[in-house]
Amino acid sequence: MGDDMFDASALRLTLDEALAGGVRLIARMSVQADVSDGAAGFTGLDQSILGLQWERGVTITVGRQYSSAIDSIADFLDVFEVGGSSVHVLPLALLATNRFDGFAGKQNGSVKLRWQATPEWHVSVSAADASHGAGRSESAAVQYRAGACAGAALTLRNRGPSGAGRQDVAGAGGHCKLGAVQLYAALYRMRLAQPDAGWRERHDMAHAGLRLPLDASSTLAAGYYLDRGAELNGVAGRAGAKQTFAATLTHNLGLRARLYVAAFSNGYTGGYRDEIWNIRFLGRLAGAARVRGVALGGGLDF
């Protein structure tokens, strides 16, 4: 638990039980919360998973969980592991989440299959049905690990209720460790279509980041995101760019406690100054060119 923009607070219960024949039963339940006011975190209210894991590298889970695409972004592509509790430092929360389900990062009624084909290659697919009112969702990802480097390619499709509307997300990238520093790079493409309303929205994003241990207790992480958007909010000709920079310095106080200091800046040009979701979630005035700030906080693992 803690007040950390880059690491959302959560209460988690985890089960890992060995069964007969080399099979393991796995389960997880979690609730995210903002410790300052008790409100649910932006990236989702909870996670509830039940699954089986076989010795041959196959895992099947069902319940409310992240898609295969979000898993890969967190594990391979994003320097902050998309673990933030604020859209001020998490621009992907407005692009790679489900636009037809209140920007939810997790999916109800989801089934996910993960297969470790070789020690280096992993494959993951997931799907969620439309029985919860948000429309169907399908996702797939291929992951590769070799030495100091790892990467992934992913795809995600969310559909609106009754098939109205479609959101397509694709991405690729990875990270490499060069000496003490770990470098990140990724490219994303998001397309949002509302055929019944006759409009589309397009986003192309690039991300670069680094993570550097300063000593045995302190780590610096920094990320840059450039999102070029067109037909924003379905408005013909509304195009512009959003640039996000965020950095955090974390200092561990022993094994369980930590302190952090962070700074962030979101800059807007062109039609992005009038993009309604950034105005709403970042609390800025329409037409404003920048939102910036600093934060101090801490956390405790128990």
*With D168, which residues qualify under salt bridge (charged side-chain N to carboxylate O under 4.0 Å, His left out), at least two apart?*
R157, R166

*Is there side-chain contact between L94 and F281, with at least one heavy-atom pair below 4.5 Å?*
yes

*How would you list, by chain and number, every residue that makes a side-chain contact (heavy atoms from CB on, under 4.5 Å) with L113, sequence neighbours excluded?*
V58, I60, V125

Anything under 3.5 Å between a donor and an acceptor, one on a side chain of residues 172-184, the other on a protein residue two or more places apart or in another chain? List them.
{"from": "H175", "atom 1": "ND1", "to": "F76", "atom 2": "O", "distance (Å)": "3.0"}
{"from": "Q182", "atom 1": "NE2", "to": "Y184", "atom 2": "OH", "distance (Å)": "2.7"}

_What's the separation between atom OG1 in T244 and atom CG in D227, rounded to the nearest 0.5 Å?_
8.0 Å

_Tell me whether Q107 contacts the main-chain N or O of S110 through its side chain, where contact means a donor paired with an acceptor under 3.5 Å._
no

*Over all heavy atoms of both residues, which pair between A221 and V79 is shortest? Give the atoms and the distance, please.*
CB-CG2, 4.5 Å

Sequence neighbours left out, cut at 3.5 Å: what donor-acceptor pairs do the side chains of residues 140-154 make with other protein atoms?
{"from": "Q143", "atom 1": "NE2", "to": "S72", "atom 2": "OG", "distance (Å)": "2.8"}
{"from": "R145", "atom 1": "NH1", "to": "H122", "atom 2": "ND1", "distance (Å)": "3.2"}
{"from": "R145", "atom 1": "NH1", "to": "H122", "atom 2": "NE2", "distance (Å)": "3.1"}

*Not counting sequence neighbours, which residues clear side-chain contact (heavy atoms from CB on, under 4.5 Å) with R292? List them please.*
S265, R290

*asked:* Once salt bridge (charged side-chain N to carboxylate O under 4.0 Å, His left out) is applied, what residue pairs with a partner in residues 107-117 remain, sequence neighbours excluded?
replied: D71-K112

*asked:* Can you tell me how far apart OG1 (T97) and OH (Y66) are? Round to the nearest 0.5 Å.
replied: 11.0 Å

*Over 12 foreign heavy atoms within 6.0 Å of CZ, R189*: no

*According to the interplanar angle, ranging from 0 to 90°, do the rings of Y268 and Y272 count as parallel (below 30°), tilted (30 to 60°) or perpendicular (above 60°)?*
tilted

*asked:* Would you compute the distance between atom CE of M190 and atom CG of L192 and round it to the nearest 0.5 angstrom?
replied: 5.5 Å

_ILVMFWY network linking L220 to V261, side-chain heavy atoms under 4.5 angstrom_ = yes

*Determine, using the 4.5 Å side-chain heavy-atom cutoff (strictly less than), whether L212 and L249 are members of one ILVMFWY cluster.*
yes

*State yes or no: do W277 and V87 share one hydrophobic cluster built from I, L, V, M, F, W and Y residues joined by side-chain heavy-atom distances below 4.5 Å, directly or via other members?*
yes

*Supply the atom-to-atom distance N278 CG to L232 CG, rounded to the nearest 0.5 angstrom.*
9.0 Å

*Is it true that the side chains of S217 and H251 contain a donor and an acceptor less than 3.5 Å apart?*
no

*For L156 and A96, work out which heavy atoms get closest and say how close.*
CD2-O, 3.5 Å

*Run through Q53, Q116, R24 and flag the one making a side chain to side chain donor-acceptor pair (under 3.5 Å) with T59.*
Q53

*Which residues satisfy the side-chain contact (heavy atoms from CB on, under 4.5 Å) test with L25, sequence neighbours excluded?*
L15, E17, L19, L50, L52

_Sequence-distant partners of R28, side chain to side chain donor-acceptor pair (under 3.5 Å), two or more places apart_ = none

_Verdict with supporting geometry, F80 and V89, side-chain contact (heavy atoms from CB on, under 4.5 Å)_ = CA-CA 9 Å; F80 302 120; V89 299; 5.7 Å; no

*Are side-chain N/O atoms of E275 and N233 paired as donor and acceptor at under 3.5 Å?*
yes

*For the student: nearest non-hydrogen atoms of R99 and Q167, plus distance*: N-OE1, 3.1 Å

*Looking at CE of M205 and CD of Q243, how far apart are the two atoms once the value is rounded to the nearest 0.5 Å?*
11.0 Å

*Sequence neighbours left out, what passes salt bridge (charged side-chain N to carboxylate O under 4.0 Å, His left out) with E81? Give chain and number order.*
none

*State, to 0.1 Å, how close S126 and S67 come at their nearest heavy-atom pair, and which atoms those are.*
OG-CA, 3.6 Å

*Please collect all ring pair (Phe, Tyr, Trp, His ring centres under 6.0 Å) contacts where either partner lies in residues 221-240, sequence neighbours excluded, each pair once.*
H207-Y225

*Rounded to the nearest 0.5 Å, what's the gap from CG on N158 to OG on S137? Could you check?*
4.0 Å

*Cluster link L282 to I276, ILVMFWY, side chain under 4.5 Å*: yes

*R64 and N108: side chain donor to acceptor below 3.5 Å*: yes

*For S48 and M29, which heavy atoms make the closest approach, and how far apart are they?*
OG-CG, 4.2 Å

*Can you list the residues that meet the side chain to side chain donor-acceptor pair (under 3.5 Å) rule with T61, with sequence neighbours excluded?*
Q65

*Should side-chain heavy atoms under 4.5 Å link Ile, Leu, Val, Met, Phe, Trp and Tyr, which residues sit in the same cluster as L259?*
L253

